[in-house]
Amino acid sequence: MGSEVQADMLGDDWKGYIFKITGGNDKQGFPMKQGVLTNGRVRLLLSNDHSCFRARRNGERRRKSVRGCIVDGNLSVLSLVIVRKGAKDIPGLTDTNIPRRLGPKRANNIRKLFNLTKQDDVRQYVVKRPLPQKEGKKQRFKAPKVQRLITPESLQRKRHRLALKKKRCLKRKEEVNTYKKLLAQRQKEFKQRRQELKRRRSASLQESKTSLDSA
(Lines give C-alpha, C1' and ligand atoms only; values in the text may rest on other atoms or scores of the structure.)
Protein backbone atom coordinates (compact mmCIF):
# COMPACT_ATOMS: atom_id res chain seq x y z
CA MET A 1 0.00 0.00 0.00
CA GLY A 2 1.16 3.51 -0.81
CA SER A 3 3.55 2.44 -3.57
CA GLU A 4 3.22 3.67 -7.16
CA VAL A 5 3.11 1.23 -10.08
CA GLN A 6 3.18 1.56 -13.86
CA ALA A 7 -0.07 0.72 -15.68
CA ASP A 8 1.57 -0.29 -18.99
CA MET A 9 0.87 -3.98 -18.29
CA LEU A 10 -2.90 -3.41 -18.68
CA GLY A 11 -2.60 -2.56 -22.37
CA ASP A 12 -1.73 0.19 -24.83
CA ASP A 13 -4.62 2.39 -23.66
CA TRP A 14 -3.05 2.61 -20.19
CA LYS A 15 0.43 3.55 -21.45
CA GLY A 16 1.94 6.34 -19.37
CA TYR A 17 -0.52 5.98 -16.49
CA ILE A 18 0.83 5.60 -12.94
CA PHE A 19 -1.31 4.15 -10.16
CA LYS A 20 -1.00 4.45 -6.41
CA ILE A 21 -2.19 1.49 -4.33
CA THR A 22 -4.55 2.74 -1.61
CA GLY A 23 -6.03 -0.51 -0.29
CA GLY A 24 -7.87 -3.68 -1.17
CA ASN A 25 -9.77 -6.73 0.07
CA ASP A 26 -8.99 -10.43 0.00
CA LYS A 27 -11.29 -13.18 -1.27
CA GLN A 28 -13.13 -13.38 2.07
CA GLY A 29 -13.65 -9.58 2.19
CA PHE A 30 -11.10 -8.68 4.88
CA PRO A 31 -9.55 -5.23 4.22
CA MET A 32 -5.88 -4.34 3.93
CA LYS A 33 -4.45 -2.23 6.76
CA GLN A 34 -1.52 0.14 6.36
CA GLY A 35 1.42 -0.58 8.67
CA VAL A 36 0.85 -4.36 8.97
CA LEU A 37 3.96 -5.60 7.14
CA THR A 38 2.75 -9.02 6.01
CA ASN A 39 0.83 -10.51 3.12
CA GLY A 40 -1.28 -12.74 5.39
CA ARG A 41 -4.18 -12.19 7.74
CA VAL A 42 -3.72 -11.16 11.37
CA ARG A 43 -6.04 -10.42 14.29
CA LEU A 44 -5.45 -7.02 15.89
CA LEU A 45 -7.02 -5.26 18.86
CA LEU A 46 -8.53 -2.15 17.25
CA SER A 47 -10.11 0.96 18.76
CA ASN A 48 -11.98 3.89 17.25
CA ASP A 49 -8.71 5.66 16.27
CA HIS A 50 -7.71 2.83 13.93
CA SER A 51 -8.83 2.15 10.39
CA CYS A 52 -10.88 -0.97 9.51
CA PHE A 53 -12.98 -0.57 12.67
CA ARG A 54 -15.94 1.61 13.73
CA ALA A 55 -16.68 1.64 17.46
CA ARG A 56 -20.34 1.40 18.46
CA ARG A 57 -19.73 2.60 22.01
CA ASN A 58 -17.32 5.03 23.68
CA GLY A 59 -13.98 3.42 24.45
CA GLU A 60 -14.90 0.17 22.74
CA ARG A 61 -12.07 -2.06 21.49
CA ARG A 62 -12.41 -5.24 19.52
CA ARG A 63 -10.12 -7.85 18.02
CA LYS A 64 -10.65 -7.87 14.24
CA SER A 65 -9.11 -9.80 11.36
CA VAL A 66 -7.28 -7.62 8.83
CA ARG A 67 -4.95 -8.34 5.93
CA GLY A 68 -1.43 -6.93 5.75
CA CYS A 69 -0.40 -4.10 3.46
CA ILE A 70 1.67 -6.30 1.09
CA VAL A 71 -0.05 -7.20 -2.21
CA ASP A 72 -0.19 -10.86 -3.28
CA GLY A 73 -2.38 -13.22 -5.31
CA ASN A 74 -4.98 -13.77 -2.58
CA LEU A 75 -6.54 -10.34 -3.09
CA SER A 76 -9.82 -10.05 -4.97
CA VAL A 77 -10.12 -6.22 -4.97
CA LEU A 78 -7.35 -3.66 -5.28
CA SER A 79 -8.09 0.06 -4.85
CA LEU A 80 -6.00 2.34 -7.06
CA VAL A 81 -5.71 6.09 -7.59
CA ILE A 82 -4.43 7.64 -10.82
CA VAL A 83 -1.34 9.69 -9.95
CA ARG A 84 -0.27 10.53 -13.51
CA LYS A 85 -2.44 10.56 -16.61
CA GLY A 86 -1.21 8.94 -19.81
CA ALA A 87 -1.52 9.96 -23.44
CA LYS A 88 -4.94 8.40 -24.11
CA ASP A 89 -8.21 9.02 -22.31
CA ILE A 90 -10.02 6.10 -20.66
CA PRO A 91 -13.78 6.13 -21.47
CA GLY A 92 -15.86 6.81 -18.38
CA LEU A 93 -12.80 7.57 -16.24
CA THR A 94 -10.65 10.40 -17.58
CA ASP A 95 -12.66 11.62 -20.61
CA THR A 96 -15.24 13.50 -18.51
CA ASN A 97 -14.51 16.57 -16.42
CA ILE A 98 -16.70 16.59 -13.28
CA PRO A 99 -17.00 20.10 -11.83
CA ARG A 100 -16.60 20.69 -8.14
CA ARG A 101 -20.00 20.68 -6.44
CA LEU A 102 -18.79 22.89 -3.61
CA GLY A 103 -16.18 25.62 -3.66
CA PRO A 104 -13.86 26.74 -0.87
CA LYS A 105 -15.44 28.37 2.15
CA ARG A 106 -12.52 29.99 3.94
CA ALA A 107 -11.53 33.49 2.79
CA ASN A 108 -7.83 32.69 2.28
CA ASN A 109 -8.66 29.55 0.27
CA ILE A 110 -10.95 31.58 -2.02
CA ARG A 111 -8.14 34.11 -2.51
CA LYS A 112 -5.74 31.31 -3.35
CA LEU A 113 -8.17 29.74 -5.87
CA PHE A 114 -8.86 32.95 -7.78
CA ASN A 115 -5.42 34.55 -7.18
CA LEU A 116 -6.91 37.56 -5.37
CA THR A 117 -5.21 40.26 -3.37
CA LYS A 118 -6.10 41.51 0.10
CA GLN A 119 -7.95 44.46 -1.42
CA ASP A 120 -10.36 42.32 -3.49
CA ASP A 121 -13.80 41.52 -2.07
CA VAL A 122 -13.86 37.76 -1.46
CA ARG A 123 -17.67 37.67 -1.25
CA GLN A 124 -17.96 38.37 -4.98
CA TYR A 125 -16.02 35.19 -5.83
CA VAL A 126 -17.90 32.60 -3.74
CA VAL A 127 -18.79 29.45 -5.73
CA LYS A 128 -22.60 29.24 -5.75
CA ARG A 129 -24.53 26.01 -6.10
CA PRO A 130 -27.69 26.06 -8.27
CA LEU A 131 -30.81 24.70 -6.60
CA PRO A 132 -33.42 22.59 -8.44
CA GLN A 133 -35.57 24.99 -10.42
CA LYS A 134 -39.31 25.00 -9.77
CA GLU A 135 -41.90 25.66 -12.44
CA GLY A 136 -42.66 29.31 -12.93
CA LYS A 137 -39.89 30.37 -10.54
CA LYS A 138 -36.52 31.85 -11.41
CA GLN A 139 -33.29 29.99 -10.79
CA ARG A 140 -32.05 30.16 -7.18
CA PHE A 141 -28.50 29.63 -5.92
CA LYS A 142 -27.07 28.65 -2.58
CA ALA A 143 -23.75 30.09 -1.40
CA PRO A 144 -21.73 29.21 1.70
CA LYS A 145 -21.02 31.72 4.43
CA VAL A 146 -17.43 32.93 4.06
CA GLN A 147 -15.36 31.95 7.09
CA ARG A 148 -12.51 34.02 8.62
CA LEU A 149 -13.64 37.10 6.73
CA ILE A 150 -12.09 40.32 8.02
CA THR A 151 -14.81 42.99 8.15
CA PRO A 152 -15.07 46.33 10.02
CA GLU A 153 -17.39 44.61 12.51
CA SER A 154 -14.87 41.83 13.21
CA LEU A 155 -12.08 44.42 13.65
CA GLN A 156 -14.31 46.40 16.02
CA ARG A 157 -15.05 43.23 18.02
CA LYS A 158 -11.32 42.51 18.17
CA ARG A 159 -10.59 46.04 19.43
CA HIS A 160 -13.36 45.64 22.02
CA ARG A 161 -11.88 42.32 23.21
CA LEU A 162 -8.42 43.88 23.50
CA ALA A 163 -9.86 46.88 25.39
CA LEU A 164 -11.64 44.55 27.82
CA LYS A 165 -8.43 42.59 28.29
CA LYS A 166 -6.48 45.79 28.98
CA LYS A 167 -9.19 46.93 31.40
CA ARG A 168 -9.05 43.60 33.26
CA CYS A 169 -5.25 43.83 33.44
CA LEU A 170 -5.35 47.38 34.87
CA LYS A 171 -8.06 46.38 37.34
CA ARG A 172 -5.99 43.41 38.49
CA LYS A 173 -2.94 45.64 38.96
CA GLU A 174 -4.99 48.12 40.99
CA GLU A 175 -6.37 45.34 43.15
CA VAL A 176 -2.86 43.98 43.72
CA ASN A 177 -1.62 47.46 44.72
CA THR A 178 -4.54 48.06 47.11
CA TYR A 179 -4.01 44.61 48.63
CA LYS A 180 -0.31 45.34 49.14
CA LYS A 181 -1.14 48.70 50.77
CA LEU A 182 -3.71 47.09 53.04
CA LEU A 183 -1.27 44.32 53.96
CA ALA A 184 1.46 46.84 54.79
CA GLN A 185 -1.00 48.85 56.91
CA ARG A 186 -2.15 45.75 58.80
CA GLN A 187 1.47 44.70 59.43
CA LYS A 188 2.28 48.19 60.68
CA GLU A 189 -0.73 48.16 63.02
CA PHE A 190 0.21 44.69 64.26
CA LYS A 191 3.77 45.88 64.92
CA GLN A 192 2.53 48.94 66.82
CA ARG A 193 0.17 46.81 68.94
CA ARG A 194 3.04 44.46 69.73
CA GLN A 195 5.32 47.31 70.76
CA GLU A 196 2.53 48.79 72.92
CA LEU A 197 1.99 45.42 74.59
CA LYS A 198 5.75 45.08 75.19
CA ARG A 199 5.93 48.56 76.72
CA ARG A 200 2.99 47.84 79.03
CA ARG A 201 4.53 44.57 80.18
CA SER A 202 7.89 46.21 80.88
CA ALA A 203 6.12 49.07 82.74
CA SER A 204 4.10 46.61 84.88
CA LEU A 205 7.27 44.61 85.66
CA GLN A 206 9.07 47.79 86.68
CA GLU A 207 6.15 48.84 88.95
CA SER A 208 6.08 45.43 90.63
CA LYS A 209 9.87 45.63 91.21
CA THR A 210 9.67 49.06 92.77
CA SER A 211 6.76 47.97 95.06
CA LEU A 212 8.78 44.99 96.22
CA ASP A 213 11.86 47.17 96.90
CA SER A 214 9.85 49.67 98.92
CA ALA A 215 8.23 46.89 100.96
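The analysis underlying the following values was restricted to heavy atoms, covering all of them including side chains, and did not include hydrogens, waters or symmetry mates.
There is no side-chain donor-acceptor pair under 3.5 Å between Ser3 and Lys20.
For the pair Asp26 and Arg41, the salt-bridge criterion is met [side-chain N within less than 4.0 Å of a carboxylate O]. One finds no salt bridge joining Glu60 and Arg56 here, because no Lys/Arg side-chain nitrogen approaches an Asp/Glu carboxylate oxygen to under 4.0 Å.
Grouping the Ile, Leu, Val, Met, Phe, Trp and Tyr side chains by contacts below 4.5 angstrom, directly or via other members, places Val66 apart from Ile21. Linking Ile, Leu, Val, Met, Phe, Trp and Tyr whenever their side-chain heavy atoms come within less than 4.5 Å puts Phe53 and Val36 in one cluster.
Note that the OG1 atom of Thr22 and the CE atom of Met32 stand 9.0 Å from one another [nearest 0.5 Å].
Taking 4.5 Å as the limit, every side-chain heavy atom of Ile90 sits out of range of all side-chain heavy atoms of Asp95. Looking at Val126 and Pro144, their side chains come closer than 4.5 Å, going by heavy atoms from C-beta outward. Arg61 places none of its side-chain heavy atoms less than 4.5 Å from the side chain of Leu46. Lys85 is listed as a side-chain neighbour of Tyr17, based on a closest heavy-atom distance under 4.5 Å. At a threshold of 4.5 Å between non-hydrogen side-chain atoms, the residues Leu75 and Asn25 do not count as touching.
Of all heavy-atom pairs spanning Gln139 and Leu131, the tightest one is NE2-O, 2.7 Å.
More than 12 heavy atoms of other shown residues, nucleotides or ligands fall within 6.0 angstrom of atom CD in Glu189.
By the 30° and 60° cut-offs, the orientation of the rings of Phe19 relative to Trp14 is perpendicular.
Using modelled atom types, no side-chain atom of Gln187 and backbone atom of Lys191 make a donor-acceptor pair closer than 3.5 Å. Judged by distance alone, with hydrogens and angles left aside, the side-chain atoms of Arg67 form a donor-acceptor pair with the main-chain N or O of Asn39 at under 3.5 Å.
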